[in-house]
Amino acid sequence: DAGITQSPRHKVTETGTPVTLRCHQTENHRYMYWYRQDPGHGLRLIHYSYGVKDTDKGEVSDGYSVSRSKTEDFLLTLESATSSQTSVYFCATGSRGEAYNEQFFGPGTRLTVL
Amino acid sequence: QKEVEQNSGPLSVPEGAIASLNCTYSDRVSQSFFWYRQYSGKSPELIMSIYSNGDKEDGRFTAQLNKASQYVSLLIRDSQPSDSATYLCAVGGWGGSNYKLTFGKGTLLTVNP
């Protein structure tokens, strides 16, 4: 398994505040992903990265931004948190972008926006 | 919009039985298929990958892929209570989007002692 950590693991914040979640990996994987998981919706891709400084939007990117300045770190920022962004956020990494695009998940961050 | 469909369950089987989990996908050019297991409150864990038509076995798990029918399944033999979890089917794209996965909403499996 990839060594993937996420911080913080739990966070409670108020509507309108900015929030940054961090994903750190030790496996030198090229690809990194941010998902959110909500009841009734499953896992949905927010943003992903295919290399340092190379990022793109997923299916639910509104209200989120990302940055990747180093291979090992992928940051997700909620620019102005809303209650609809209360969710569990998972980071994932993948080593191969060709046919074998397995992804490995971090432990998750539970975010509550009051 | 690519779609991956799974029965939400719950699927309940007795200990020692075979559990059969099914998944269909909408994008005909999909090339990679995965099963993840997710225990309550935990993150998804990759348990099986399959890329070619047919069966792939790993211990008590068998993944089956039929691209013509756009169908992938997971069989769990000799089910154990520790197999009780939500199972997520994920499908990978082709070409420029092949490093993204689309996930189904998952099937909750309960194995009764």
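Every chain is numbered from 1 and lettered A, B, ... according to where its sequence line falls, protein lines coming before strand lines. Quick caveat, the model's predicted, so the values are computed rather than measured.
- Contact between B/S43 and A/G106 at its shortest, heavy atoms only, is CB-O, 2.9 Å.
- In the displayed structure, B/N7 atom CG is contacted under 6.0 Å by at most 12 heavy atoms of other residues, nucleotides or ligands.
- Open room surrounds CZ on A/R110; 12 or fewer heavy atoms of other groups in view lie less than 6.0 Å from it.
- Here the CG atom belonging to A/D38 is positioned 11.0 Å from the NZ atom belonging to B/K105, to the nearest 0.5 angstrom.
- Put simply, CG on B/L46 and CZ on A/F105 are 9.0 Å apart, with the number rounded to the nearest 0.5 Å.
- Atom CZ of B/F103 and atom CD of A/Q37 lie 9.0 Å apart (nearest 0.5 Å).
- In terms of hydrophobic clustering, with Ile, Leu, Val, Met, Phe, Trp and Tyr side chains grouped at heavy-atom distances under 4.5 Å, A/L75 and A/V88 are assigned to different clusters.
- The OH atom of A/Y31 sits 12.5 Å away from the NZ atom of B/K100 when rounded to the nearest 0.5 Å.
- Grouping the Ile, Leu, Val, Met, Phe, Trp and Tyr side chains by contacts below 4.5 angstrom, directly or via other members, places A/L78 with A/V60.
- The two residues B/G92 and A/N101 have their closest heavy-atom pair at CA-ND2, 3.9 Å.
- Grouping the Ile, Leu, Val, Met, Phe, Trp and Tyr side chains by contacts below 4.5 angstrom, directly or via other members, places B/L65 with B/L21.
- Placement of B/I47 and B/V91 within a single hydrophobic cluster is found when ILVMFWY residues are connected by side-chain heavy-atom separations under 4.5 Å, directly or transitively.
- Residues B/L101 and A/Y35 form a side-chain contact, since some pair of their non-hydrogen atoms from C-beta on lies under 4.5 Å apart.
- Separation of atoms CD (A/E102) and OH (B/Y36) is listed at 7.0 Å; rounding is to 0.5 Å.
- With a 4.5 Å cut-off on non-hydrogen atoms, A/L43 touches chain B through its backbone and its side chain both.
- Other residues, nucleotides and ligands contribute over 12 non-hydrogen atoms within 6.0 Å of the CD atom of B/E57.
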